[in-house]
2 protein chains.
Amino acid sequence: MTSPEDAAREEAFARCDRFLFGHGPQRPRAVLADLAEETGPDEEPDLYGAGALIEGFEREVAALLGKEAVVFMPSGTMAQQIALRLWADRRHSATVAFHPTCHLEIHEQKGYALLHGLHGHLVGERSRLLTLDDLRATPGPLAALLLELPQREIGGQLPSWPDLEAQVAWARERGAAVHMDGARLWEAGPFYDRPYAEIAALFDSVYVSFYKGVGAIAGSVLAGPPDFIAEARLWQRRHGGNLVQLYPYVLSARANLRRRLPRFPAYYERTQAVARVLTAIPGITVKPDPPQTNMMHVYLHAVAEPLMEASVALARAERVLLFRRLLPTGVPGVVVFELPIGDAADALTDDEIGAYFRQIMATAGETREGVRI
Amino acid sequence: MTSPEDAAREEAFARCDRFLFGHGPQRPRAVLADLAEETGPDEEPDLYGAGALIEGFEREVAALLGKEAVVFMPSGTMAQQIALRLWADRRHSATVAFHPTCHLEIHEQKGYALLHGLHGHLVGERSRLLTLDDLRATPGPLAALLLELPQREIGGQLPSWPDLEAQVAWARERGAAVHMDGARLWEAGPFYDRPYAEIAALFDSVYVSFYKGVGAIAGSVLAGPPDFIAEARLWQRRHGGNLVQLYPYVLSARANLRRRLPRFPAYYERTQAVARVLTAIPGITVKPDPPQTNMMHVYLHAVAEPLMEASVALARAERVLLFRRLLPTGVPGVVVFELPIGDAADALTDDEIGAYFRQIMATAGETREGVRI
């Protein structure tokens, strides 16, 4: 399965102790030991979604989001299909609208259609935020509009607050519910500079994740009106997500949310600084510029193989990892990687980051002389 | 939500340190600390179902079941709906047959129908094993027959090996696939006295759980032919069960399966002894008698409230817990509880168990004098 080159690369990467992205390696043994430490000795396991531990955390997140009811779910895939199914049943329409890069459209093997019989109407274009004009061009009855805040596949972009309000108003006028894919909602706080509850208040239902920026093992919640969440629990059971015990995820979500939520403004500021450093280097651009959250897409105008070789050499020499993989952009000679900034970047100064990228771009450029693109 | 009586009862139960059933209390802090201990320092997390940790465990279980392919899933609800959906698609029939007390029928909010459009044909009667005659009375095309080994809702009963072979042969002749609900398959080993692979070989697909007798936090596998399991992975993603990280469940399943699988014969023997002790007490019967696995249903010919009061008094005096709840049987003056025997019973001698039950039956009997049934 794994080529010798891949194995050598992974070995070099595994020895790194400084990382530009995320929160650093989270090996199971250390994560579980930490989690045990943070768990009260008398805390009892949950049982099929009930118990003080899981219910207490649900209330904590409900308060943060300003929603009446919340249910903890193992995954966003489950939470969002259920949300849209419920709005579809309530609106007597099977049509739900979302952006072409919506997680339901590209990462879930069309579960929304195959399990729930929903029709996904794609709004707008893949490479940019959707607009009010895109929405106005949507024909027919509509059960729900899903808006992803921020939009991962376009570098974590966010609509302006007035644009967001206008899009929500359009959906309401059409009689559609508005659902937030807030997988990375925590990352949107600094940009809007409003409490999460104020952002969530625009939406009828909200999904948020705990494993992305928050860095938990896995887990999510779906938030909304009490009757909606009560019915969501039935669908969670149908999906096979009402596990006998969810506490490893709940405890991890609770500990990491409390630990990291106050840090998102700092991640955001650092991301601005890193973007300035990177865009000062010839051959590097970022999207969006400036970043609107603590993530961005970084475009390297160079060829993938020599870049990977240079980054492996850097990993061996400095035990520093800048990116784990490079993706094609469709544009010859340009590759891209997703860069989420978290705790790990604290171990690197802006000057170091700049120097490392100059180094790999230069090395890749030299190697490229002999490469036919 | 909780009445003062319930709270007082739970408090008395929470102070117990000896238990007749299961493996004893599994508080999250201790479970997670143990799990960290049993995890290698260099073991890496799984990522969306891939990685050495989860794949290695899948191979371990595949070998145990003698099946070519295995996929780890968070729940049996998910695994079994997917299995039946796949057989239905392959057989071009939406009808699947199972016992009236099948988990899909009574515990999953009809997910099989609402998510997968399957029709569940109920075979046989609630209070006994299904028979070949029951199957022969099943009309029309059939995609799959589900057999639960052992059958939880009737006290863990198992068909004889020849009966099982005949039922499987009937399904095959009908062109139906045969799926095993092996939630408690590990418990069936001593009764059949055959390797698990030999039992599993009768079936086209097999689901087994790790949280029941094995005592893991949660988790299960679905086993079957490679193309079937490859497609099951797509449906797992659709269900929202292809979690970014499943390692708490995988590690817990691995550790507890290795620890407890060799102990099932001892649990089985102890269950026989406990059944003999209990059935020697006037007013107590068990189903099945003798037990066929390390579980049984225990019928107490007494009234629930005084029995619970007596068991709370016993819990306070001796810190021993015999059962957590009593269920109605529909027969006035008779209640029932499910008794799975595991590690916890090691802390109690047969004589103690007999004495405690005699005591609560006597106390409940005295109290009953003044109670109108």
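Side-chain atoms are counted along with the backbone in the values below, which use heavy atoms only and exclude waters and symmetry mates.
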Participant: Kindly compute the distance separating CZ (A:Phe21) from CG (A:Leu339), expressed to the nearest 0.5 Å.
Facilitator: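 Rounded to the nearest 0.5 Å, the CZ-CG separation comes out at 9.0 Å.
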Participant: Under the ring pair (Phe, Tyr, Trp, His ring centres under 6.0 Å) rule, collect the residues that match up with B:Phe72, sequence neighbours excluded.
Facilitator: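 With sequence neighbours excluded, B:Phe72 shows a ring pair (Phe, Tyr, Trp, His ring centres under 6.0 Å) to no residue whatsoever.
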Participant: What's the shortest heavy-atom distance between B:Ile229 and B:Ala223, and which atoms?
Facilitator: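 Distance-wise, the nearest heavy atoms are CD1-C, 3.7 Å.
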Participant: Just to verify, what does A:Ala36 make a side chain to side chain contact (heavy atoms under 4.5 Å, CB included) with, not counting sequence neighbours?
Facilitator: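 Residues passing side chain to side chain contact (heavy atoms under 4.5 Å, CB included) with A:Ala36: B:Leu32, B:Ala33.
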Participant: Between A:Leu246 and chain B, with a heavy-atom cut-off of 4.5 Å, which part of the residue counts as in contact: side chain, backbone, both or neither?
Facilitator: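 Looking at A:Leu246, backbone and side chain both touch chain B.
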Participant: With sequence neighbours left out, what residues match A:Ala315 under side chain to side chain contact (heavy atoms under 4.5 Å, CB included)?
Facilitator: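 Residues passing side chain to side chain contact (heavy atoms under 4.5 Å, CB included) with A:Ala315: A:Ala12, A:Phe13, A:Cys16.
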Participant: So what's closer than 4.5 Å to chain A heavy atoms on B:Leu243: side chain, backbone, both or neither?
Facilitator: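 Answer is side chain: those atoms of B:Leu243 sit under 4.5 Å from chain A.
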Participant: Quick check on the interface: out of B:Leu114, B:Leu53, B:Val31, B:Leu35, who has the most heavy-atom pairs with chain A under 4.5 Å?
Facilitator: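 Greatest number of close heavy-atom pairs with chain A: B:Leu114.
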Participant: Under 3.5 Å, which donor-acceptor pairs link chain B and chain A? Put them in a table for me, please.
Facilitator:
unit_1	atom_1	unit_2	atom_2	d
B:Arg27	NE	A:Glu44	OE2	3.0
B:Arg27	NH2	A:Glu44	OE2	3.1
B:Arg29	NH1	A:Ala36	O	3.2
B:Arg29	NH1	A:Glu37	O	3.2
B:Arg29	NH1	A:Thr39	O	2.7
B:Ala36	O	A:Arg29	NH1	3.2
B:Glu37	O	A:Arg29	NH1	3.2
B:Thr39	O	A:Arg29	NH1	2.7
B:Glu44	OE2	A:Arg27	NE	3.0
B:Glu44	OE2	A:Arg27	NH2	3.1
B:Tyr48	OH	A:Tyr211	OH	2.5
B:Ser75	OG	A:Gly240	O	2.6
B:Gln81	NE2	A:Arg238	O	2.8
B:His107	O	A:Arg237	NH1	3.3
B:Gln109	O	A:Arg238	NE	2.6
B:Tyr211	OH	A:Tyr48	OH	2.5
B:Ile217	O	A:Gln245	NE2	2.9
B:Arg237	NH1	A:His107	O	3.3
B:Arg238	O	A:Gln81	NE2	2.9
B:Arg238	NE	A:Gln109	O	2.6
B:His239	O	A:His239	ND1	2.9
B:His239	ND1	A:His239	O	2.9
B:Gly240	O	A:Ser75	OG	2.6
B:Gln245	O	A:Tyr249	OH	2.6
B:Gln245	NE2	A:Ile217	O	2.9
B:Tyr249	OH	A:Gln245	O	2.7

Participant: What's the shortest heavy-atom distance between B:Pro150 and B:Gly156, and which atoms?
Facilitator: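 Result for this residue pair: CB-O, 3.4 Å.
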Participant: Could you pull out the closest heavy-atom pair between A:Ile217 and A:Pro248, with the gap in Å?
Facilitator: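 Closest approach of A:Ile217 to A:Pro248, heavy atoms only: CD1-O, 4.2 Å.
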Participant: At a heavy-atom separation under 4.5 Å, does B:Ala216 approach chain A through its side chain, its backbone, both, or neither?
Facilitator: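 B:Ala216 touches chain A through backbone heavy atoms alone.
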Participant: Please report the shortest heavy-atom distance between B:Ala344 and B:Gly24, naming the atom on each side.
Facilitator: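 Looking at all heavy atoms of both residues, the closest pair is CB-N, 3.6 Å.
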